[in-house]
Each structure stands twice: as C-alpha cells, then as structure tokens.
2 protein chains.
Amino acid sequence: MAGSAAWGFVKLVLENDVSKQRVEIYFDFTSPYGYLGSELVEGLAERCGLDVEWRPFLLGAAFKVAGTGPFMNVPLKGDYAKRDLERTAREHGIPFTLCDVFALKQVAASRAVTWTRRDAPEKTADLVHAIYRFAFVEGGNFSEAETVADLAAGVGLDRDSALSAMNDPAIKDRLREDVEAAVDRGVFGSPVFFFGEEPFWGVDHMEQLERWIARGGW
Amino acid sequence: MAGSAAWGFVKLVLENDVSKQRVEIYFDFTSPYGYLGSELVEGLAERCGLDVEWRPFLLGAAFKVAGTGPFMNVPLKGDYAKRDLERTAREHGIPFTLCDVFALKQVAASRAVTWTRRDAPEKTADLVHAIYRFAFVEGGNFSEAETVADLAAGVGLDRDSALSAMNDPAIKDRLREDVEAAVDRGVFGSPVFFFGEEPFWGVDHMEQLERWIARGGW
C-alpha cells in the first residue's frame, strides 16, 4: 500500500511535468484565426522547447453556452476581422485566402483528427495542416468525409481507415466528450491556447503567451 | 485662383503629414481594456515619435449597429476577460481593479474630454487618466457631472467651466457627431487605435501596431 501511494505520487509528478512540456491549441476548422494559429503554434512551441497538443473544437458548442455567434457575421467587426486576418497573414508570410467559412462543416474533419490523435498521433499535425490549407489556401471545401479521407491519404494515412474512423461511434463520442470538456475548461473561441491551466485566446495573444512561457508566468 | 489652388495643395500635404504624426485612440470610459490602452498608448507614441489623439467613444453606438453587447456579460468570455485584464495589467505594472462597469455612465466624462480637446488640449491626457484611474484604480464612480468636475479641477481645470461645458449643447452635439463619425470609420470596440487609416482593435494588437508604425506597414 505504501509502495502504491509512492507510485501514485511519482505518477502525479510525472504527469504534471509532462503537462508543462506542451502547449495546447484548441481550434475550429471553420475558423480563419484558427488556421493562422495552426500555422504559428509550431514555431512558438519550437522556440519554447514544447510539444503541440492539437485539440479539435466545435465553436457551435461554445456559441450555445455563451449565446454568441460567428464574428464574421457581425457588422463592423466582420469588416475589421477580414482586414486583420489578411494583415496578420501578410506579416508572418502565411498564404491566406478568406473562403466562405459559412459553407464549411467541420465535424468530419474534427473526427478524423480525433482519430489520428488516438491511433496515429505522429500524423496529427500533418492532417491538421492539410485540412486547414485545403480551405484557407486552396479555397477547397472539406465538409464531406470523402474529401477529408482524400486529404488524410495525402499525408500518408490509410484512406479507408480514415473513412471508417469518421463513422465510428467511439470516435464520434470521443470528439463530443472532448468538446464538452473544452467548454467546461472555459474554451469559447478559436484558437485558444493553454499552457498548463493558463488560457490565451487568439492569435493576437501568442506573443504574450510566449513571454508567459519564457518567464514562467508573472 | 492659381495661388488659392496651390495653397490648397500645400494645406492638403501638411494635413496628411500631420495625420501621420499621431496615433489615435478611441476609448469608452466604461471599458477596462480602454483603461489599459490609455495607460499604454503614450509609451507607444513616445517610442514612435508620435502624438496621441484622444477620442472619447460611446460603445452603445457601436453595439446598436453591430447588434452586440458588453463582453463582460457573455458567459465564458467574461470569465476569460477578467483573467486576461488582470494578467495584462500585471505584466505592464499597471494598477488595476475591475470595478462594476455596469454601474458606470460615461457620457458626462466623455463630454468633459470633448471640451478639453476643443478648449484645453494640453489637459486632455491628464483628464482622461484622472477619470479612468478614479474608476479602475480607486473604484470610484464618475457617472455624475459633479464628480467629473471634481476630477477636472484636480488636474488644474476650472471646475465651473467643466460643469458648464458638460451641459453645453455645442459640446453635446460635438460628442454625438464624433461618435457617429467613429462608427462610420468602423470603430466598434474599445480601445481602437488608428495610425493613418489603419485600424487596430484591442490592447493585444498594440505590439503589431507598433511594428506597423516602425515598418511603415507591410
């Protein structure tokens, strides 16, 4: 019993340690700011010596709790956002075309990433980039599972396994639970970053996040 | 006529030149992010060799056009904002207490600043700081014109002139027109900064704004 308690303690320390060695990014595939965040987070992680934890999120779940909606629909704010997105993309040299985000459905893509996170984590970043770039660089629409399966195959995943995974009730449940857990954790936008339990919302908070990591908070 | 046209041209050049030599800040006195912006904008302006143009704004006018409301009321977002405000204030060493912003009315204060901008521009920054700090450092409520007049007197303005100005129809009209012009220009939040015709929304965009100024855009 004493041995088991000690092991529990060691495990706790290890888990805490591990959780400090990563930056988490919550992102919605229909979110253009999420796309910019996905292009910038690995550079930040590399400079800080961290791993990236990719967490697909469904903004609709947050909108339901918060009573809000997509900012692109909001007069004044939507116009500003378009300008801000293009300006931020230009500053960082990120290829970017604002597609019709309201034509995009993100559930199949989010399920595919939920699957790689479980079964092929080494492919997760590639798949996230392939899906996002398909929409925000090439102007494609990834709403259909068949399209996502093509993109998965393009990064070396098995096409049929990807298709099955998107229809697998266990994957569907897992994504639903992940999204609920995210909302419980306070996620309400895209991208939202976590370092430990400290949340940072938006691409425009990434510099502060990086200083926070470097200084260990303040 | 030729002389007049030439003078018109010279005037245009001078005006454009002058407009490049300043950074504008639109702020609502009930906005805690506006307060943080007011504490940070002069440092930015000094580093960039610019003047600050203080522009009182009434968020209600933007909410009417955009169909939005104060984010502090929004579930999830409000909790995050509180944390973010305190974290940003700590990072920059800005004294900050989140008061009950819904108890604040900003019209009298905004009229007083509209008056100093016209009649005592050298006092505008002092008055803005006095009003904001009264609420967000001392926890005071500046809703009443009498309170604003006390604050005006505290920075060396004539108390009776301040009171008269807040009741002066010309000042009331001027503020209303300024706010309408701001909405026409696309202002929808607080703080919003302009450098020339380039808008930057939020304290979290001030670093990008500073790079934009330094590089002359991109």
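These numbers come from the heavy atoms of this one structure, side chains and all, not from hydrogens, waters or symmetry mates. In this text, all values refer to a predicted model and were calculated from it rather than measured experimentally. Order of the sequence lines sets the chain letters (A, B, ...), proteins ahead of strands, with each chain counted from 1.
- The two residues A/Phe188 and B/Tyr80 come nearest to each other via the heavy atoms CE2-CB, 3.4 Å.
- By the neighbour-count criterion of 12 heavy atoms within 6.0 Å, atom CD of A/Glu46 is sparsely surrounded, having that number or fewer from other residues, nucleotides or ligands.
- In this structure, the side chains of B/Glu207 and A/Asp204 stay at 4.5 Å or more apart for every pair of heavy atoms.
- Comparing B/Glu198, B/Arg87, B/Arg83, B/Arg90 by how many heavy-atom pairs each has under 4.5 Å with chain A, the most go to B/Arg87.
- Both the backbone and the side chain of B/Val183 come within contact range of chain A, with heavy atoms under 4.5 Å apart.
- Two residues are said to be in side-chain contact when any heavy atoms from C-beta on lie closer than 4.5 Å; B/Glu91 and A/Trp212 fail this criterion.
- Counting non-hydrogen atoms of neighbouring residues, nucleotides and ligands closer than 6.0 angstrom, the CH2 atom of B/Trp115 exceeds 12 such neighbours.
- Residue contact with chain A, scored on non-hydrogen atoms closer than 4.5 Å, is absent for B/Asp79.
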